[in-house]
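A quick write-up on the structure given underneath.
Remember, predicted model here, so these are calculated numbers, not experimental data. Chain letters run A, B, ... following the sequence lines, proteins first and then strands; every chain starts at 1.
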2 protein chains.
Amino acid sequence: MARTQPTSFLRPTIRDVAAQAGVSVSSVSRVLNREPHTSPELHARIMRVVDRLGFEPHSAAQALRSRASNTIGCMVSDISNPLYSEMVNAAEEELQRAGYVLMLGATRHAEERETAFISAVRRRRMDGLLLFAGDNTHKDFTSALATLDLPCIGIDREVPGAPSVRADHRGGGFEVTRYLIGLGHRRIALLTGPAAVLPSTERVAGYRQAHIEAGLDVDLDLVRPQVHGSGIAFSDVCQLLQGPAPPTAIITLGTHMLASVMDALASNGIRYPSDISLVCIGDTDLARHATPAISTLTWDLSEIGRIAAKTLLERIRDGDQAQDTRPIYLPTRFILRHSCAEPRAK
Amino acid sequence: MARTQPTSFLRPTIRDVAAQAGVSVSSVSRVLNREPHTSPELHARIMRVVDRLGFEPHSAAQALRSRASNTIGCMVSDISNPLYSEMVNAAEEELQRAGYVLMLGATRHAEERETAFISAVRRRRMDGLLLFAGDNTHKDFTSALATLDLPCIGIDREVPGAPSVRADHRGGGFEVTRYLIGLGHRRIALLTGPAAVLPSTERVAGYRQAHIEAGLDVDLDLVRPQVHGSGIAFSDVCQLLQGPAPPTAIITLGTHMLASVMDALASNGIRYPSDISLVCIGDTDLARHATPAISTLTWDLSEIGRIAAKTLLERIRDGDQAQDTRPIYLPTRFILRHSCAEPRAK
DNA sequence: CTCAATCATGGAAACGTTTCCAAGAATAGC
DNA sequence: GCTATTCTTGGAAACGTTTCCATGATTGAG
């Protein structure tokens, strides 16, 4: 009887509900969890009290007892990168609908933050994990990940023992490079993310493949992986343009990097498509509305997020079965605009 | 003794640690929580076992007992909006550093998702809440919020009883409008977000104020709040341009909306700055690199996120004191580029 | 009409921590 | 050298659920 009259400043517990309704705690739990074997009258009586008291179950207690936290971890290097934020947005929508809450962990490319997040995932007994593209040479992180027995999906990333959802960056890189080669370009610069991140790795592979198929050598000096942040692309582009054998075409990421590249072109007095051809990867307002508009390799970011979320939910439901870990690929699409031309005759 | 030998597939608990170290559970807890009154030898012995077993405390149990979840809620309408994602990114960094995990709730402007998220905040006993700009006419949400006794910060939003961090959208709207009026414009269209969202409300207020100070009437037909998503600005701009008294200047948001506006101008054969002047709110790559570059009202998004996070942390630490709920304003800055001119003589 | 099966409910033991309290050991004050 | 304090540790009671088990009531089969 001690808790029949709940003190006003304390949130009501399931015992308060049980006491006020004159039933047992277990009945309240059963009703709240829609279990069978509960009479309609009991249900009505309990729900009335629940509403009156504004009872809301304490999810930590639920998690402790039932071993499900209804929480999904989402590890991403940089949520302010529009490529990621669009995928996260779509995934969150899908997971929210299924009753899960997303826990965000932005790693900012630091391995120490990655391992810290994995630790948080373990302590909080999260139910699943979405792992976005990141540096796959981080060994501490990889080994921390290996100890994690948890449904997991890689997004533009390979995760041992887990399926991944990816855009076909290799195919995209191939298509774009082949297109430029077809126009007659022989020195094509590729500005992409760090080499150890899957999309970049794949992109470079596609770039090489296109060269090989055309019987051309690859000049690795033209492949310039960019470190994150700042407008580092700027100096790389300047260096290339001012070098002995400047490129006649540039492939760059469509995010901030494209803006840096355009700055670099401008400050070297070089115009596209007349002086140099330009293709970007990842469609943006800037690519669409620059003058001339920039030909772009694009793919469906939201769809990747959605598929990743759905696949994760399936794996959570199916438990240990469904060990199909084949990657799911989404196609890229090349949008031709007006930023490319045949290279200048010497 | 029953649990001295932990079964391999179960995660070790604090009892396992205690048993293996031959000490009491409470000692382990004390050591782990860095409490005073623990001898160095005990500390060393326990930590050795903790490391060997790979023990990680179950945060649900901690939350249940200690009434702190180390979790911050983050309610935002749309995480894929770059304005929001940059603020969230900065806030997350600050909160992560303090040991908190961010729980993301994207509401997509739906009140039902807002109230659902508040419910999640309550059930999970989150320690604080970051509330980003949203429709302030949502009454169910507002009343749900009122029952929430929890440190809370509004970001570009007013929250009763809580401080807010905001850009000075009113001042910014005023400055931009005054600038255009100064150039001679008398019909200035304002395309902004929904009227019930604070930044828009304030912006419109600044816009009116500039008109009033100049002794001009405000034609409310020129103020066009835009519903979210899609390129709705497109049809509004077309309608204005084709109307009887088209505007000679347009103020628009710098996000996707700017692209829509540019499309609308293009498809009506109208060029800026010669035919019409253009200013956007919120700096983007597009605004910087469009030709001509677009004059922009900007402010420090990351700083807003950081300040919001820090203020929230203070409030969590200070408990019920520190009831200073005055809003913190950040200034806007007008960047003059090449998108404005005096209006055409008739 | 009886016995077995099912239904509806209650009681109590978990889940894995933290924290309160008690108690013995060590230290300090005089 | 004795008492009053402070240190160090252990035991046990919470925290608020879910779930297992037991029990009485109801139903169904023959």
Per atom distances to the A/Ser39 side chain, the nearest of C/dT17, D/dT9, C/dT9 is C/dT9
- Any sub-3.5 Å donor-acceptor pair from A/Arg45's side-chain atoms to A/Val23's backbone N or O? no
Ranking C/dT9, C/dT17, D/dG10 by distance to the side chain of A/Leu42, first place goes to C/dT9
### Task
Using a heavy-atom cut-off of under 4.0 Å over every strand shown, decide if A/Arg67 touches base, sugar-phosphate, or nothing.
sugar-phosphate
Atom CD1 of A/Ile14 and atom C1' of C/dG11 are separated, to the nearest Å, by 14 Å
To the nearest angstrom, the CD-C1' distance between A/Glu35 and D/dT19 comes to 8 Å
inquiry  = If you define the side chain from C-beta out and look only at heavy atoms, does anything of B/Arg124 sit under 4.5 Å from A/Thr71?
reply    = yes
Quick note, A/Ser26 side chain, CB onward, closest among C/dA12, C/dC20, C/dA14 is C/dA12
Of C/dT17, D/dT19, D/dG16, the nucleotide closest to the side chain of B/Leu64 is D/dG16
**Message:** Checking A/Arg123 against B/Gln62: is there a side-chain donor and acceptor pair closer than 3.5 Å?
**Reply:** no
Closest of D/dG10, D/dA14, D/dG16 to the B/Val23 side chain is D/dG10
Considering only heavy side-chain atoms of B/Ser24, the closest of D/dG11, C/dT19, D/dT8 is D/dG11
In whole angstroms, the gap separating P of D/dT8 from CD1 of B/Ile46 amounts to 13 Å
When B/Gly22 and A/Val28 are each assigned the nearest nucleotide of DNA chain D, the 5'-most assignment goes to B/Gly22
Q. Quick one: is D/dG16 close enough that its OP1 or OP2 comes under 4.0 Å of any side-chain N or O from A/His58?
A. no
Winner on side-chain proximity to B/Asn33, out of C/dT18, C/dT9, D/dG11, is C/dT18
Once hydrogens and angles are ignored, does a donor-acceptor distance under 3.5 Å link the base of D/dG10 to the side chain of B/Arg30?
yes
Rounded to whole Å, CD of A/Glu56 lies from P of D/dC15 at a distance of 19 Å
Closest of D/dT18, C/dG10, C/dT17 to the A/Ser66 side chain is D/dT18
By nearest-heavy-atom nucleotide on DNA chain D, the more 5' of B/Glu41 and A/Gln62 is B/Glu41
note: B/Arg65, atom CZ; D/dG16, atom C1'; distance rounded to Å ~ 12 Å
Which of B/Val49, B/Ile46, B/Leu32 passes side chain to side chain contact (heavy atoms under 4.5 Å, CB included) with B/Phe55? Answer is B/Leu32
NA contact type, B/Ser59, heavy-atom cut-off 4.0 Å: base, sugar-phosphate, or nothing?
nothing
| query | Is there a side-chain polar atom (N or O) of B/Ser29 under 4.0 Å from OP1 or OP2 of C/dT18? | reply | yes
